[in-house]
Amino acid sequence: MGLFLLAFFLIYLSLHGYAYLKVRGVMSLTGWHNAVAGAVVFLLVTMPVATRLLEHSHESGARVTAYLGYSWMGFLFFFVAAALGMDLLGLLWVLGQWLYRSGIRWPWSPKISFYLPATLALLACGYGLIEANSMQINTITLMTDKLPPGRERLRIVQISDLHLGLIVREPKLRQVVEQIKALNPDVFVSTGDLLDGQVARLSGLAEMFQQLTPPLGKFAVTGNHEFYVGIKQVEDFMGKSQIKLLRG
């Protein structure tokens, strides 16, 4: 866990450092402006860890830091990806100028190199929010001769990355459970990251999974977030949910 946190902070700080340089390209940050910017960056970098610490004792505070910290993380990822893409194009442009000596200047100013990626990042976050709140069912049909005698069809309903915790709560899970029940599966499987928060504070969610009664069973495998939560707590939650957790 120590190495993981070290890698996380190094990468996350690097992303913030790059974004800060982009801001410096369009704004004059001197004196106390730099101090404020540094304090804001420190808070944003530490919010994911603060969320994990707070959810043990102060759930409402942890929910605030989760919304702020993870929303910013998503925006920063999209911004850096778009800005790096533009910088790469600029580098290729300079290389082309050097090779062909055409003398044509790079058309994008530092302001465009900042505001265009920022706009694209905002649009991507908005699209992601809409997608996250609209469930879609993808149907895949596999033809096989390996079904046991007497069974013409086996319907499996699979979900993953539900991330039940501080942000995804009862209303979302209720929608998911109702959709699964309507599909009437023979088998239900969850393929990782079902949980993303302290199981002790997820009261009522395990009981909702008990409503699913596929004749051939309910199964789950772990994702990385199950280990962030604590595998013993996850095993207890799966037991209450009547979901068989597959290990190894």
Side-chain angles (χ1 to χ4, degrees), residues 1 48 51-67 69-71 73-74 128-142 144 147-148 151-248:
M1 183 60 74
T51 298
R52 290 299 179 196
L53 296 176
L54 284 172
E55 69 178 343
H56 292 278
S57 57
H58 200 289
E59 186 175 345
S60 58
R63 188 168 291 115
V64 170
T65 59
Y67 272 107
Y70 295 134
S71 296
M73 185 183 290
L129 184 62
I130 294 171
E131 282 291 299
N133 285 286
S134 60
M135 285 186 292
Q136 297 180 4
I137 299 172
N138 297 318
T139 302
I140 300 173
T141 301
L142 301 177
T144 179
L147 293 176
R151 179 173 288 277
E152 297 181 357
R153 183 192 72 180
L154 179 68
R155 177 173 288 180
I156 302 171
V157 171
Q158 176 261 343
I159 66 171
S160 91
D161 295 88
L162 195 55
H163 290 276
L164 296 171
L166 291 167
I167 296 176
V168 182
R169 307 290 291 189
E170 293 87 349
K172 185 68 173 183
L173 180 57
R174 190 173 295 111
Q175 294 179 40
V176 172
V177 168
E178 291 304 317
Q179 286 275 19
I180 294 172
K181 288 162 65 175
L183 292 170
N184 192 28
D186 299 300
V187 181
F188 164 75
V189 295
S190 171
T191 51
D193 290 354
L194 181 66
L195 302 176
D196 194 9
Q198 291 301 304
V199 176
R201 299 184 182 275
L202 299 180
S203 59
L205 301 189
E207 289 74 12
M208 295 175 73
F209 279 112
Q210 293 175 14
Q211 299 174 28
L212 302 176
T213 56
L216 298 182
K218 300 180 291 188
F219 304 90
V221 295
T222 56
N224 56 315
H225 282 257
E226 270 81 20
F227 288 92
Y228 299 161
V229 172
I231 194 62
K232 181 63 173 67
Q233 293 187 70
V234 170
E235 289 174 342
D236 292 342
F237 181 87
M238 296 297 184
K240 293 177 183 177
S241 303
Q242 299 172 355
I243 297 174
K244 181 175 178 59
L245 182 62
L246 305 178
R247 301 295 309 279

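Fair warning: this is a prediction, and the values are worked out from it, not measured in the lab. Heavy-atom basis, side chains included; hydrogens, waters and symmetry copies ignored.
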(Q) Checking E207 now: which residues fulfil salt bridge (charged side-chain N to carboxylate O under 4.0 Å, His left out) with it, not counting sequence neighbours? (A)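 E207: no salt bridge (charged side-chain N to carboxylate O under 4.0 Å, His left out) contacts found.
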Q) Got a sec, which residues hit salt bridge (charged side-chain N to carboxylate O under 4.0 Å, His left out) with D186, two or more places apart in sequence or on another chain? A)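 Expected list: R151.
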Rounded to the nearest 0.5 Å, how far apart are [atom1] of [X] and [atom2] of [Y]?
X: Y67; Y: T51; atom1: OH; atom2: OG1; value: 12.0 Å
X: L173; Y: I159; atom1: CG; atom2: CD1; value: 8.0 Å
X: F237; Y: L195; atom1: CZ; atom2: CG; value: 5.0 Å
X: L205; Y: R174; atom1: CG; atom2: CZ; value: 9.5 Å
X: L164; Y: R169; atom1: CG; atom2: CZ; value: 9.0 Å

Q) Less than 4.5 Å apart, any side-chain heavy atom of L154 and any of V187? A)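 L154 reaches V187 side chain to side chain.
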Please list every donor-acceptor pair under 3.5 Å in which a side-chain atom of residues 209-219 meets a protein atom from a residue at least two apart or in another chain.
residue : atom : partner : partner atom : Å
Q210    : NE2  : K240    : O            : 2.6
Q211    : OE1  : K181    : NZ           : 3.3
K218    : NZ   : F209    : O            : 2.9
K218    : NZ   : L212    : O            : 3.0
K218    : NZ   : S241    : O            : 3.0

Q: Given side-chain contact (heavy atoms from CB on, under 4.5 Å), test E178 with Q175 step by step and report yes or no.
A: CA-CA 5 Å; E178 291 304 317; Q175 294 179 40; 6.0 Å; no
**Q.** Intermediate values then yes/no, side-chain contact (heavy atoms from CB on, under 4.5 Å), Q179 and M135
**A.** CA-CA 9 Å; Q179 286 275 19; M135 285 186 292; 3.8 Å; yes
Q: Could you please spell out the steps behind the side-chain contact (heavy atoms from CB on, under 4.5 Å) verdict for L147 and E152?
A: CA-CA 7 Å; L147 293 176; E152 297 181 357; over 6 Å; no
